[in-house]
Q: 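Handing you this structure, nothing more for now.
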Amino acid sequence: MIEYRPLRIALLGAGSVGSQVAKLILENKAELAARVGAELELAGVFVRDKKASRDYEIPAELLTTDSDSLILGADIVIEVMGGIEPARTLILQALNSGSDVITANKALLANHGTELFDAAEQVGAQLYFEAAVAGAIPIIRPLRESLAGDKVKRIMGIVNGSTNFILDRMDSAGLTLEQAMAEATNLGYLEADPALDVEGYDAAQKAAILASLAFHTEVPLEKVYREGITKITREQMAAAKRDGYVIKLLAICEAIPADELGGEAGISVRVYPAMVPLEHPLASVRGSFNAVFVEAEAAGSLMFYGAGAGGIQTASAVMGDLVSAAKRHVAGGPGLADSVHADLEVLSISRVKTRYQITLEVSDQPGVLAQIANVFAKHNVSIETVEQSAKMIEAETVAWLEIGTHQASDKDLAAVVAELSSSESVERITSVIRVEGE
Ligand code: NDP
Ligand code: HSE
């Protein structure tokens, strides 16, 4: 029997995600009430244009352009508008009046998370954000709750679906970056500003959110190292495949112990394309799917996989937050803030070590290999593998060298590349790419 009063839900936004959230609340009323122990009453839906056509036809009387009246008196506010303003102001308004807030807005959380979480804590409200990272995939709650008693060592995620689609088409169909991007655009996968996807900004926002939860540390977005996929070529993709790898845009969050840093422990949060061995679970994440691979001290390796975007899929994550928030209202008690007690240093990329693969076109002369090996040694970069092949180009034999390194710092590797670029023995550096997941 349902004894608790109906809970008033304010929905801000009715686009791809919001219209599906409205549908699920309105069509599953009885089932939701039974699960929560209170009716969930959709009090109204804030939009820009009440006449716009929507994926789900929301009853006209629920649509409003008056956010103030809607937020006033709402028990739970769901923000699925996107962008920084007015979303930020409306969320603060809702939290300051004691409502719990659910948001799917990774850009807002990555840029203004501290302000929003502080506002929630002040009044004992809670901010939920399962949908902000990797759409339908449950990853926030596992980090926030299920792994709260463990120690996360490393997260490697494919958290941007459109770039995974682009790289997958380059890998599986041999398309150029431009051709694959055109396909992604036609399918509506890219953000209105494609740079958010292809330059890695979207993945960096998600990495900042994951790292702050995993390592109990505030992670300002500007401390996340970011490279996009715009320099990846079809040739690099084919070469990686020949060697048993695939190139993926990875969001990596890593705890680096004190003994490796020669000082205090820190964390590294970084986004870049990297070669991943075909046998790694992330290598088989195809198309626009997302996956997050978590390594924790006690749990070992865990893989979370599924749809990282899509209106109805993302609405599933929002609904999970809605049921949690509503149950907390019924049970009573203040919201629980996330812990940021660890306050670890977010390390600059120059202090992080990874393996690299460098491909060079060199003149096929005695002593060239030794000269090149010397450059690596001079800058403290240890070579792990060398493969050489020869080709005739315009009646001249050109040697191709594929050099795999042991773990090397970004700074040392950059020095090697700079010196090789000006070396007379090196015709061309055709690829410099990191190797992850081995
Ligand atoms: P849409 O652009 O499809 O929808 C945005 C909605 O917000 C529209 O209904 C729009 O109103 C409303 N809106 C925007 N600005 C205003 C404003 N200034 N005043 C009033 N209403 C406004 O966005 P999505 O549904 O795709 O995304 C929503 C959020 O979910 C974003 O934060 C996004 O990053 C996140 N997200 C989206 C995913 C997806 O697959 N789409 C996946 C994961 C997260 P109107 O309809 O009248 O224009
Ligand atoms: N642009 C994002 C992606 C949408 O491609 O994954 C989901 O956040």
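This is a predicted model, so every value here is computed, not measured. Just so you know, ligand 1 is whichever comes first in the structure, and atom 1 is the first atom listed for that ligand.
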Q: What's the shortest distance from atom 4 (C) of ligand 2 to any protein heavy atom, and which residue and atom give it?
A: E191 OE2, 3.6 Å
Q: Give the atoms of ligand 2, by number and element, whose distance to some non-hydrogen atom of A309 is under 4.0 Å.
A: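 Those qualifying, in numeric order: 7 (C).
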Q: Return yes or no for this condition: an N or O of N290 is under 3.5 Å from an N or O of ligand 2.
A: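 For ligand 2, there is no N or O atom that lies under 3.5 Å from one belonging to N290.
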Q: At less than 3.5 Å, what protein N or O atoms come close to the N or O atoms of ligand 1? Include the distances to 0.1 Å.
A:
{"from": "ligand 1", "atom 1": "3 (O)", "to": "S16", "atom 2": "N", "distance (Å)": "3.0"}
{"from": "ligand 1", "atom 1": "3 (O)", "to": "S16", "atom 2": "OG", "distance (Å)": "3.4"}
{"from": "ligand 1", "atom 1": "9 (O)", "to": "A14", "atom 2": "N", "distance (Å)": "2.8"}
{"from": "ligand 1", "atom 1": "9 (O)", "to": "G15", "atom 2": "N", "distance (Å)": "3.1"}
{"from": "ligand 1", "atom 1": "11 (O)", "to": "R48", "atom 2": "N", "distance (Å)": "3.4"}
{"from": "ligand 1", "atom 1": "15 (N)", "to": "R48", "atom 2": "NH1", "distance (Å)": "3.4"}
{"from": "ligand 1", "atom 1": "21 (N)", "to": "R48", "atom 2": "N", "distance (Å)": "3.2"}
{"from": "ligand 1", "atom 1": "25 (O)", "to": "S16", "atom 2": "N", "distance (Å)": "3.2"}
{"from": "ligand 1", "atom 1": "25 (O)", "to": "V17", "atom 2": "N", "distance (Å)": "2.9"}
{"from": "ligand 1", "atom 1": "34 (O)", "to": "K106", "atom 2": "NZ", "distance (Å)": "3.2"}
{"from": "ligand 1", "atom 1": "40 (O)", "to": "G310", "atom 2": "N", "distance (Å)": "2.7"}
{"from": "ligand 1", "atom 1": "46 (O)", "to": "R54", "atom 2": "NH1", "distance (Å)": "2.7"}
{"from": "ligand 1", "atom 1": "46 (O)", "to": "R54", "atom 2": "NH2", "distance (Å)": "3.3"}
{"from": "ligand 1", "atom 1": "47 (O)", "to": "R48", "atom 2": "N", "distance (Å)": "2.9"}
{"from": "ligand 1", "atom 1": "47 (O)", "to": "D49", "atom 2": "N", "distance (Å)": "2.7"}
{"from": "ligand 1", "atom 1": "47 (O)", "to": "R54", "atom 2": "NH2", "distance (Å)": "3.3"}
{"from": "ligand 1", "atom 1": "48 (O)", "to": "R48", "atom 2": "NE", "distance (Å)": "3.3"}
{"from": "ligand 1", "atom 1": "48 (O)", "to": "R48", "atom 2": "NH2", "distance (Å)": "3.2"}

Q: Go through K153 and E254 one step at a time and tell me if the side-chain contact (heavy atoms from CB on, under 4.5 Å) criterion holds.
A: CA-CA 6 Å; K153 294 192 295 188; E254 192 173 23; over 6 Å; no
Q: Using a strict cut-off of less than 4.0 Å between a Lys/Arg side-chain nitrogen and an Asp/Glu carboxylate oxygen, indicate whether D321 and R141 qualify as a salt bridge.
A: yes
Q: Is the shortest heavy-atom distance from the side chain of I9 to the side chain of I78 under 4.5 Å?
A: yes
Q: N/O of K206 under 3.5 Å from N/O of ligand 2, yes or no?
A: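 Yes, at least one N or O pair falls under 3.5 Å.
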Q: Looking only at protein heavy atoms, which one is nearest to atom 6 (O) of ligand 2, and how far off is it?
A: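 Checked against all protein heavy atoms, atom 6 (O) of ligand 2 sits closest to G161 N, 2.7 Å.
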Q: Using a strict threshold of under 4.0 Å (side-chain N to carboxylate O), is an ion pair present between R5 and D75?
A: yes
Q: Could you give the distance from NE2 (H216) to CD1 (I267), rounded to the nearest 0.5 Å?
A: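 So the NE2 of H216 and the CD1 of I267 are separated by 10.5 Å.
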Q: Once you restrict to heavy atoms under 4.0 Å, what part of D197 touches ligand 2? Side chain, backbone, both or neither.
A: side chain
Q: Would you call R286 and D171 a salt bridge, taking side-chain N to carboxylate O under 4.0 Å as the test?
A: yes
Q: Counting only pairs under 3.5 Å, give me each side-chain donor-acceptor contact of residues 291-315, with atom names and distances, residues two or more places apart or in other chains.
A:
{"from": "T314", "atom 1": "OG1", "to": "G310", "atom 2": "O", "distance (Å)": "2.7"}

Q: Counting only N and O atoms by type, is there a donor-acceptor contact under 3.5 Å from the side chain of T359 to the main-chain atoms of T430?
A: no
Q: Tell me whether T64 contacts the main-chain N or O of V45 through its side chain, where contact means a donor paired with an acceptor under 3.5 Å.
A: no
Q: Between ligand 2 and G308, can you find any atom pair, the residue atom being a heavy atom, that is separated by under 4.0 Å?
A: yes
